[in-house]
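A short worksheet on the structure shown next.
Along the sequence shown, residues carry numbers from 1.
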Amino acid sequence: MRNRRVGVPQAMPTRHEVWERPWPLVGRDRILDLFTQAVRHRRVQGVLIHGPAGVGKTRLAEACRDRAEKAGLTTHWVVATAAAAAVPLGAVGHVIPPGVDLSDPVAGFAAVAAALGRGGEDRVVLLIDDLHLLDATSVMLVRQLMDSGSALLIGTVRTGEPYPMAAAFGTGDAIHRVDVEAFTEEQVAQVLASVLGGSVSARTSHEMYAASAGNALYLRELVLGALSSGALNSDGEVWQLAPGPRTGTPRLRELIAARLSRVSEAGTAVLELLALCEPVALADAQAVARLHDLVELERLGCLKVVKEGRRHLVMLAHPLYGEVVREGIAELRRRTILLDQAARLEARGARRQDDALHVTSWRLTATGTADPRRLHEAAALARHSHDYPQVVRLIQALPASAHTVRDRLLLADALFELGRPEEAENELERASSLSTTEHERLAVVAAYCVNALWGMAQASKALRMIDAGRGELQSPESLAVLAINEGCILAACGQPTAGLAFLDVLEDDAGATSDMSVWLFAAAVRTRALQMTGRLREAQNWAERAHATHRRVSRLATSAPHPAIQRAPAVLATAEAGDIHEARALGRRLFGELVRSEAGLPRMWVAYFLARVEWLAGHAAGARRWNAECVAIARSHHGTRPMRDAMGSLAASMALVGDTGPAAAELSALDRADADMAELEFMGLAVSPGRALGEAWHLAATGHLAQARATLLHAAEGLGDSGNLSAEGMLLVDVARLGGARDVADRLARIAARSEGALATVHADFAAALDGDDPEWLMRTSQRLEDTGSDLAAAEAAAAAAGLFRRQRLSRRATAATLRCRGLAERCEGAHTPLLATVDVTVPLTRRQSEIARLAAAGATSQEIADRLVLSIRTVDNHLAQVYGKLGVTGRRDLARALGTR
């Protein structure tokens, strides 16, 4: 189940291709626009681009040169270097026209200006890279060319470097300074998607951002290095980065080494300490170097000091510096640094929360062993911070004689979270052999259930463990915990009503359950079951209470997932309650928390819920991206649920934009996944809503609407019996959208009556309005759907209304409905559906009328429109009156709605 996806081809760019192609200028539009304006306005003499090394100043200068040349201007590229600065005019010699005598600088410079000015024609553009390295004579020449109007300067300046000639270029209105910042995490994701030509997992984007700190040069070398080593790969739909250090290319290491080579011997000692132990207290850094040395390191951009509460912590200025420094530390030197730092922390009492973890980890790394008592304590701290690789390392360092049941459970939990369920089961067997009390045996059984259900997709095995436990464990507390486990299994396997019969006994206080680990898992499952059965307000409230409890007690639990797992099901509950926008925001906040951790299970579920939210919104690209993310995480961590559902939903997202070939391939991959899982038991998961969606929308995209509706109806039957109103309603409303409104209107109305969600109610009205052929009802429903964030369904309701208005010969109403449909459909990222295909009339607005109408819809007054378009106010008002008549609206108040811009 961890194999690459088969049959969904994606072009794999080679390292050479990535090296050769120009990287996108993400987030640099403002600077390019400023340059374009500078070219047009002769009073502007120059634009100076400031920024640290590697942020892309040169790449930006190249883009400026391209724009200048496209505008028909002559450009000259100058690269200033320290070597060229030793010779007057050494960098700009090629710009000076042949035959100009520079023996008299005043006359010679004037002659250069006259020659470049070309008799009053457009200025030449001088692009000078590393302007701060230009020699004084060249600076004087460039300054005279600017003052004479012969040249426009575009210069790049590296911040943090000496710049003795800065005053020569001034900072007045004639010179514009712009500062280029490092990429944000969002911009790194955009760059990677553009360069790699496909979706990139959020975890990969985050790791590349963390490793590069947004530095464009470092990011490029990291990508090239990862492609060369095979660490960066695509499964056919999404790019993923394999675990491991991020060292990039040899060129990157050489660049960093050259930057660090200026550091003194004392400074090197500080960098070595930081490379192995960062962050460290300022006092610890001063123990190996003088304050003067630290100040110099900060000036050179090698370290930074941050304030945390009352402490000052010292860190490396860039994450990659540590990788390069560590490579050069000899083994005995490494051992000495680690042990010395551990001794410093112990001398201060190691009072802070994570001090025990740091000291134990350093001693273990230095000597290969540590005090077992310290290892126990450190492993618990690492588990609490969800550093699962560290948990594995610390527990495995314990001698066999020192192992306890709790240690084995901690190790099994960490292996489970890392997607290694078979190894986790082995550790659980060892824990079982060590258990002597009923409480310990109960904890082992509960962990077995979690690993079997979520890690190995063996629900029947988990149930057998519960049955065996009931034969062995007799206390009421133990039996209650086993019942809660059974409820989790039933709900997770698509039987939420049966599961809630066990889970509704959960109380807000986790201490009321004898095993807090069980309570923490069960609380999240209960939220999901409440959402599936339509108890949405209860699901949202319970999720918040469970999250607060989780944060309070998780340190006391043997195993605890990330607290975000409690809020994950609330993402879908919020969408179905009628606020898709808030659901999307909540899901992205949760994923942002999780992307920095090793918590694969919560990340997988949040991606799954976000994909469902985007599907409900009708945003095809968003649904495709999050489904692919879910599948990618499942393959590397938990190759079970909800992977099958996400694979089917991914096929549906592909089919929705007309990618029928990839959709068919994804469904075939799902067939193979099901074959691999033939011996694994999924109980109620024989009915997969995502699978039904994928098959149905692939059929619809290939013109088989009747078969598509039959597929959805068949799947909905199985879901209705289990109480899963959420999935049943989702499938039935798609039946209505595909021409079967009459078959499902009553069933959707019954679901709406049993559900607390606004979305279920408006879906029922949508089907009823389609069945009733009532265009006015459809237009009202379209607005209600839009209010929930269901853009695609809102567009389809307007499309259906437009067709009915046309049949009734209400052309203005048909036009208004058509415009509304098109405006909404633009938000849906290329989605194609049968209902949208019915909108094929041309909107009878002239180009000028459309321009004026959209400005008015955006809130512009007639005066503002007249000024912008150079028209009279009367002309604007006359055009608006004609627009109102054509669209069937009475004024500006309804204009935005008619145009579909609100």
Side-chain angles (χ1 to χ4, degrees), residues 1-5 8 10 189 192-193 196 198-210 231-244 386-389 413-421 424 450-451 453-457 492 524 528 561-565 567-569 571-572 587-615 622-651 653 666 669-670 673 676-677 688 690:
M1 290 311 302
R2 289 161 176 73
N3 298 328
R4 289 163 52 84
R5 183 183 290 110
V8 187
Q10 177 168 311
L192 292 176
L196 297 172
S199 296
V200 179
S201 77
R203 183 70 183 275
T204 295
S205 296
H206 170 73
E207 291 197 11
M208 282 294 193
Y209 170 74
L232 184 59
N233 278 292
S234 172
D235 68 353
E237 187 67 24
V238 64
W239 286 88
Q240 285 256 80
L241 194 60
H386 308 288
D387 187 352
Y388 301 113
D413 174 60
L415 291 168
F416 161 76
E417 290 286 355
L418 292 170
R420 295 153 64 181
V450 169
N451 191 61
L453 176 66
W454 300 107
M456 305 176 77
R528 170 68 165 145
H562 194 285
I565 195 75
R567 282 179 165 155
V571 171
L572 194 47
R588 289 179 176 175
R589 285 198 302 273
L590 292 177
F591 202 88
E593 290 178 31
L594 292 164
V595 78
R596 296 165 178 80
S597 78
E598 294 290 340
L601 184 69
R603 271 193 295 125
M604 178 180 64
W605 277 106
V606 173
Y608 173 78
F609 291 132
L610 276 168
R612 181 66 61 84
V613 167
E614 297 297 354
W615 178 262
R624 183 170 182 168
R625 181 226 163 170
W626 286 112
N627 276 311
E629 184 94 32
C630 176
V631 173
I633 298 169
R635 288 182 182 278
S636 62
H637 279 74
H638 299 268
T640 57
R641 62 181 60 82
M643 189 180 75
R644 291 171 69 244
D645 217 45
M647 290 176 74
S649 298
L650 177 57
S653 304
E666 193 66 31
L670 180 51
D676 290 344
M677 294 182 181
S688 167

For the pair Arg589 and Glu593, evaluate salt bridge (charged side-chain N to carboxylate O under 4.0 Å, His left out) and give the outcome as yes or no after the intermediate values.
CA-CA 6 Å; Arg589 285 198 302 273; Glu593 290 178 31; over 6 Å; no
Close side-chain approach of Val631 to Glu237, heavy-atom, < 4.5 Å
no
If we only count heavy atoms from C-beta on, is the Arg528 to Phe609 side-chain gap below 4.5 Å?
yes
Which heavy atom of Asn627 sits nearest a heavy atom of Ala611, and at what distance?
OD1-CB, 3.3 Å
Using a 3.5 Å distance criterion without hydrogens, assess whether the side chain of Gln240 forms a donor-acceptor pair with backbone atoms of Ser201.
no
Test item: Met456 and Asn451 side chains (from C-beta on) under 4.5 Å apart, heavy atoms:
yes
Just so I know, are the side chains of Trp239 and Leu196 near enough to count as touching, which here means a heavy-atom distance under 4.5 Å?
yes
Compare every heavy atom of Gly690 with every heavy atom of Asp645, then report the nearest pair and how far apart it is.
OD1-N, 2.6 Å
Do Phe416 and Trp454 make a side-chain contact, defined as non-hydrogen atoms from C-beta onward lying under 4.5 Å apart?
yes
Show your working on side-chain contact (heavy atoms from CB on, under 4.5 Å) between Tyr388 and Asp413 and close with a plain yes or no.
CA-CA 8 Å; Tyr388 301 113; Asp413 174 60; 4.1 Å; yes
Less than 4.5 Å apart, any side-chain heavy atom of Ser649 and any of Glu666?
no
Run the side-chain contact (heavy atoms from CB on, under 4.5 Å) test on Leu241 and Arg203 for me, step by step, so that the C-alpha distance in whole Å, both residues' side-chain angles and the decisive distance to 0.1 Å come before the verdict.
CA-CA 8 Å; Leu241 194 60; Arg203 183 70 183 275; over 6 Å; no
Side chains of Asp387 and Pro389, heavy atoms from C-beta outward: is any pair under 4.5 Å?
yes
Is the closest side-chain heavy-atom distance between Arg588 and Val613 below 4.5 Å?
no
